[in-house]
Amino acid sequence: MRILGIDPGLRSTGWGVLSINLGCLQHIANGAIRPNPRDSDADRLTMIYQSLSSVIADMQPDRAMIEEIFVAKSARSALRLGMARGVCVLACGAAQIKVSEISARAVKKAVVGTGTASKEQIQDMVTRLLQVNAFNADAADALAIAIAGSND
C-alpha cells in the first residue's frame with residue numbers, strides 16, 4: 001500500500017509518499033510545491049492543484065493523509081491555508097483517492113512520541129525511520145503525516 005502525506009500551504013505544500021509492505025515502511029519520494037509568492041492566490045492555488053495532481057498520477061498512492069486545519073495566527077492566514085488545503089483535497093478526490101485527516105499533535109505523537117515535538121525532532125525521526133533526508137521541512141512534515149497514517 002502507498003500512502004501520500006500532504007502538508008498544505010500556500011507558500012510551500014510538502015508531499016511525501018511511503019510504501020508499507022509487511023509492516024515495513026519504505027520511502028518512495030518526497031518534495032515540495034512552491035508557487036511564486038508574487039503570483040495571485042488563484043495562480044498559486046492552480047499550481048498547487050496541478051503539481052499535486054501530477055505527483056498523484058506519477059506515484060499512484062492508494063490513499064492520502066492530510067494535516068487537519070489548525071487555528072492560525074490570524075483569520076486571513078487561516079483562510080489562505082484552508083484554500084491550499086482545499087485544492088489538495090480536491091486533487092485527491094479528482095483522482096478518487098480516499099483522504100483522511102490527522103491533527104499535527106497526533107502526527108508528532110506517532111512519529112516522535114510526544115505531541116509537543118519540535119520541527120527539528122520531526123525531521124530527525126523521519127530521517128532515522130526512513131533513512132532519507134527530506135527535500136525541506138514541509139516535505140519532512142508530509143512524510144511524518146504519511147508515517148502517522150501508516151498506523152491506521
Side-chain angles (χ1 to χ4, degrees), residues 1-35 37 44-45 47-73 77-78 80-152:
M1 172 182 288
R2 283 191 177 195
I3 300 176
L4 168 65
I6 305 168
D7 182 31
L10 202 52
R11 289 185 189 158
S12 179
T13 292
W15 60 270
V17 180
L18 304 176
S19 175
I20 306 169
N21 190 11
L22 300 172
C24 294
L25 296 176
Q26 180 183 4
H27 173 262
I28 303 297
N30 73 86
I33 302 161
R34 296 190 283 184
R44 291 163 82 178
L45 292 167
M47 182 195 177
I48 293 167
Y49 174 79
Q50 291 173 340
S51 297
L52 189 58
S53 294
S54 178
V55 167
I56 291 168
D58 291 345
M59 298 293 129
Q60 295 292 302
D62 298 298
R63 64 187 186 105
M65 296 292 298
I66 192 165
E67 191 171 79
E68 287 179 351
I69 199 130
F70 61 94
V71 178
K73 296 174 187 171
S77 56
R80 297 179 85 219
L81 174 61
M83 291 188 303
R85 190 178 179 283
V87 298
C88 292
V89 171
L90 175 63
C92 292
Q96 299 182 341
I97 297 170
K98 180 185 178 225
V99 181
S100 300
E101 300 178 26
I102 189 166
S103 70
R105 188 178 222 35
V107 171
K108 292 174 182 181
K109 187 162 177 62
V111 175
V112 180
T114 176
T116 58
S118 69
K119 280 211 177 263
E120 293 79 18
Q121 289 172 308
I122 291 170
Q123 289 175 10
D124 183 53
M125 283 306 294
V126 165
T127 299
R128 287 178 188 216
L129 290 169
L130 301 175
Q131 279 102 52
V132 67
N133 288 320
F135 178 78
N136 68 8
D138 297 308
D141 287 349
L143 287 168
I145 290 165
I147 292 168
S150 73
N151 296 329
D152 286 348

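Under the 4.5 Å side-chain criterion, counting only non-hydrogen atoms from C-beta, Ile56 is in contact with Pro61. Annotation: side chain of Ile147 is in contact with side chain of Leu130 (closest heavy-atom distance under 4.5 Å). Within the 4.5 Å cutoff, no side-chain heavy atoms of Thr13 are placed close to those of Ser51. Residues Leu10 and Ile48 form a side-chain contact, since some pair of their non-hydrogen atoms from C-beta on lies under 4.5 Å apart.
Arg63 places no side-chain N or O within donor-acceptor distance of the main-chain N or O of Ser100, the cut-off being under 3.5 Å. Distance alone, capped at 3.5 Å, places no donor-acceptor pair between the Gln96 side chain and the Gly93 backbone. Of the possible donor and acceptor atoms, one in the side chain of Ser53 sits under 3.5 Å from a partner among the backbone N and O of Tyr49. With hydrogens and angles ignored, the 3.5 Å screen pairs a side-chain donor or acceptor of Asp62 with a backbone N or O of Arg2.
Atom CD of residue Gln123 and atom CG of residue Leu143 lie 10.5 Å apart, to the nearest 0.5 angstrom. For the atom pair Arg34 CZ and Asn136 CG, the distance stands at 5.5 Å (nearest 0.5 Å). The CD1 atom of Ile122 sits 5.5 Å away from atom NZ of Lys108, with the distance rounded to the nearest 0.5 Å. To the nearest 0.5 Å, atoms CE (Met83) and CG (Leu81) are separated by 9.5 Å. Note that SG of Cys88 is 5.0 Å distant from CD1 of Ile66, once rounded to the nearest 0.5 Å.
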Under 3.5 Å, sequence neighbours excluded: what are the donor-acceptor pairs made by side chains of residues 21-32?
residue, atom, partner, partner atom, Å
His27, NE2, Asn30, ND2, 2.8
Asn30, OD1, Phe135, N, 2.7

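When all heavy atoms of Ala144 and Val111 are compared, the pair lying nearest together is O-CG2, 3.5 Å. Across Leu52 and Ile33, no two heavy atoms sit closer than the pair N-CD1, 3.7 Å. Scanning both residues, Gly115 and Arg105, for their nearest heavy atoms gives O-NH1, 3.1 Å. Contact between Arg44 and Pro37 at its shortest, heavy atoms only, is NH1-O, 3.6 Å. Contact between Ala110 and Ala148 at its shortest, heavy atoms only, is CB-CB, 3.7 Å. Scanning all heavy atoms of the two residues, the minimum distance from Cys92 to Leu4 falls at SG-CD2, 4.4 Å.
For Arg85, the salt bridge (Lys or Arg N to Asp or Glu O under 4.0 Å) partners two or more places apart in sequence, or in a different chain, are Glu101.
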